[in-house]
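Everything below concerns the one structure shown next.
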Amino acid sequence: MLKGNKVSLRCVARKDLDMFYDIWCNEDVRKLDGKFRLPPSKEDILNNFNKFVNLDKKYLSIVNEKEILVGYITFKESNECKMYIH
């Protein structure tokens, strides 16, 4: 559940990675989103940032009205369900 007055989704930025890493190291989060795997080192993620943000599994940062990162969501694009805006 996402709850708040003014939360927004935005593309992941390098500045988000410290918070992401702290979240990914949490054992409960790894059970749900990481298949129990430990994340690579922060240095590896930063050095390969462009590869990281272009994986099949996409990430979006959740920020509050003060632009403070409060979490993230993941998703995979589906060829079966695409929205086209004209």
Side-chain angles (χ1 to χ4, degrees):
M1 172 176 29
L2 180 61
K3 186 176 179 180
N5 287 331
K6 292 187 180 182
V7 294
S8 302
L9 301 175
R10 64 166 168 73
C11 293
V12 176
R14 283 183 182 269
K15 66 182 180 180
D16 299 340
L17 290 181
D18 280 334
M19 174 69 89
F20 274 32
Y21 194 81
D22 291 342
I23 294 170
W24 292 333
C25 288
N26 180 293
E27 187 176 343
D28 291 329
V29 172
R30 287 198 320 266
K31 288 178 190 175
L32 298 172
D33 194 36
K35 299 178 185 162
F36 294 99
R37 290 177 284 167
L38 289 172
S41 70
K42 282 184 191 181
E43 185 177 300
D44 285 344
I45 294 171
L46 285 170
N47 288 338
N48 296 293
F49 181 76
N50 290 334
K51 290 179 186 176
F52 164 75
V53 296
N54 290 312
L55 296 171
D56 287 339
K57 180 176 166 181
K58 305 293 184 190
Y59 291 83
L60 290 173
S61 296
I62 304 170
V63 294
N64 66 15
E65 66 276 359
K66 296 178 182 176
E67 287 296 311
I68 296 172
L69 179 69
V70 295
Y72 71 93
I73 63 167
T74 60
F75 66 96
K76 287 188 179 185
E77 291 184 25
S78 170
N79 289 334
E80 297 174 12
C81 183
K82 289 205 174 207
M83 183 186 325
Y84 296 95
I85 300 174
H86 297 0

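Model, not experiment: these values are computed from the prediction.
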How far does [atom1] of [X] sit from [atom2] of [Y], to the nearest 0.5 angstrom?
| X | Y | atom1 | atom2 | value |
| --- | --- | --- | --- | --- |
| T74 | K58 | OG1 | NZ | 12.0 Å |
| D22 | L17 | CG | CG | 11.0 Å |
| I62 | M19 | CD1 | CE | 11.0 Å |

Open item on the list: With clusters defined by side-chain heavy atoms of hydrophobic residues (ILVMFWY) lying less than 4.5 Å apart, directly or transitively, does V7 cluster with F75?
Closed with: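 Yes, F75 and V7 fall within the same hydrophobic cluster.
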- [ ] Check the surroundings of atom CD in E43: do more than 12 heavy atoms from other residues, nucleotides or ligands lie under 6.0 Å from it?
- [x]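 Atom CD in E43 is not packed in, count stays at 12 or less.
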Task: Any donor-acceptor N/O pair, N26 side chain to V29 backbone, under 3.5 Å - done: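 Yes: the side chain of N26 pairs with the backbone of V29.
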Open item on the list: Does any part of the side chain of K42, heavy atoms only, come nearer than 4.5 Å to the side chain of I45, both counted from C-beta?
Closed with: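 No, too far: nothing below the 4.5 Å cut-off.
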- [ ] Indicate yes or no: at least one non-hydrogen side-chain atom of Y72 is less than 4.5 angstrom from one of D16.
- [x]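 Side-chain contact under 4.5 Å: no.
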Task: Set of side-chain contact (heavy atoms from CB on, under 4.5 Å) partners for S8, sequence neighbours left out - done: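 So S8 forms a side-chain contact (heavy atoms from CB on, under 4.5 Å) with V63.
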Open item on the list: On a heavy-atom basis, which atom in L69 and which in S61 lie closest, and how many Å separate them?
Closed with: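 That closest heavy-atom pairing would be CD1-CB, 3.5 Å.
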